[in-house]
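Atoms within each ligand, like the ligands themselves, are counted from 1 in listed order. All residue numbers refer to positions in the sequence shown, counting from 1.
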Amino acid sequence: MQYPTISYLTKVQFGAGSIADLPEVIQRVGMQRPLVVTDTGLLARGFVERLKLSKPVVFSDIETNPTEASVLRGVEAFRVAACDGIIALGGGSPMDAAKGIGILATHNLALEDAAFICGGLEKITSAVTPIIAIPTTSGTGSEVGRGALISMSSGRKLAIISPYIIPKWSIVDPELTLELPPLLTAATGMDALSHCLETYCSNVFNPVAGAIAIDGLRRGWANIKSVVADGQNIAARSEMMMCAMQGALSFQKGLGVIHAVSHPLGALRHKKLHHGTLNAVFMPHAIRFNFDSAREKMETISTTLGISSGSDALADAFSDLNHEIGLPKKLSEMGVEPDDLMGVAEGALLDHCGLTNPRTLTFENLKVFLKSAL
Ligand SMILES: [Fe+2]
């Protein structure tokens, strides 16, 4: 028997208009001088003004996939302005950068040493600078997550995982996602659905996380088409944000083959493949790949989503959904060529997500899996 550690730590203000709670949340967290960490796009679109802070200290020099260099510049900004907390505003990139800044502001550590595969779990030994997270997309769920993905100066893209980097408080306001364009809404939304699907089916025993995951999957499935068709549908936007948050709340159950292969593919710098789109393409294939190893859970998913029984019906339903929301069916439609898959199976076998997939991953079965998605 593998005993679960069931842990939920972030306080969340959830709902349309909840951004108005920020001054009170800042006070309750005990920040006097927060550093707002965001990206240049959001800054230009007036998102920092929407926080209604007087004279905010802002750091926005962050790439789409945050690098160690941008985290170091953020730490410098944090120190120069004598900040005592961080407000992370944006999608996954500002959130991940904020977590990196929080670690380096409180630990005498090289950032790469904080990565999970470098033993970072033992090296991040105490609470980092308090973080208030305000997501502007519905996908990563990083606002309640214990992970950060950063491209290190060495060229490696590494995950930092620690309970100490989980935001203290999150303000999850669906009004902040109303302007997300349809294709980005679809791709980030399918990332959230893939988190729910993979964590629900993972081989880790944690019924609490499992219940959250399948509820998130149900909400995401029921609303993704509406929100892609009409971005101003606040009720559907709200359900997608709940789905994204629930997906991340279930991460402690572990992910699976989809993320194990999308991480090494996403690291191909010359391709710039979108994480959520990759996961959307892999989902029908992962259902077929894992069905017999997680039959009861897969059948529960079909029943919950109102899909007929069996592997093909479930996989086809996800494939049809991708088509309806404008996402590709195959990796080749994203510009992936057979040569790009060299090394992906090896990378997937090294990725921590593969360890919790319901079916044991091997070099041979991953090769077949990747070929089927190409
Ligand atoms: Fe993901």
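- Every residue two or more places apart in sequence or in another chain that forms a side chain to side chain contact (heavy atoms under 4.5 Å, CB included) with L149 is listed here: D96, K157, A159.
- Neither side chain, E63 nor S93, offers a donor N or O lying under 3.5 Å from an acceptor on the other.
- Within a 6.0 Å radius of CZ in R45, other residues, nucleotides and ligands contribute more than 12 heavy atoms.
- Among residues two or more places apart in sequence or in another chain, the side chain to side chain contact (heavy atoms under 4.5 Å, CB included) test is passed with A313 by I307, S308.
- Grouped by direct or indirect side-chain proximity (heavy atoms under 4.5 Å, Ile/Leu/Val/Met/Phe/Trp/Tyr only), M95 sits alone.
- Listed by chain and number, the protein N, O or S atoms at a distance under 2.8 Å from the Fe ion (ligand 1) are D191 OD1, H195 NE2, H259 NE2, H275 NE2.
- Within a 6.0 Å sphere centred on NZ of K271, other residues, nucleotides and ligands contribute more than 12 heavy atoms.
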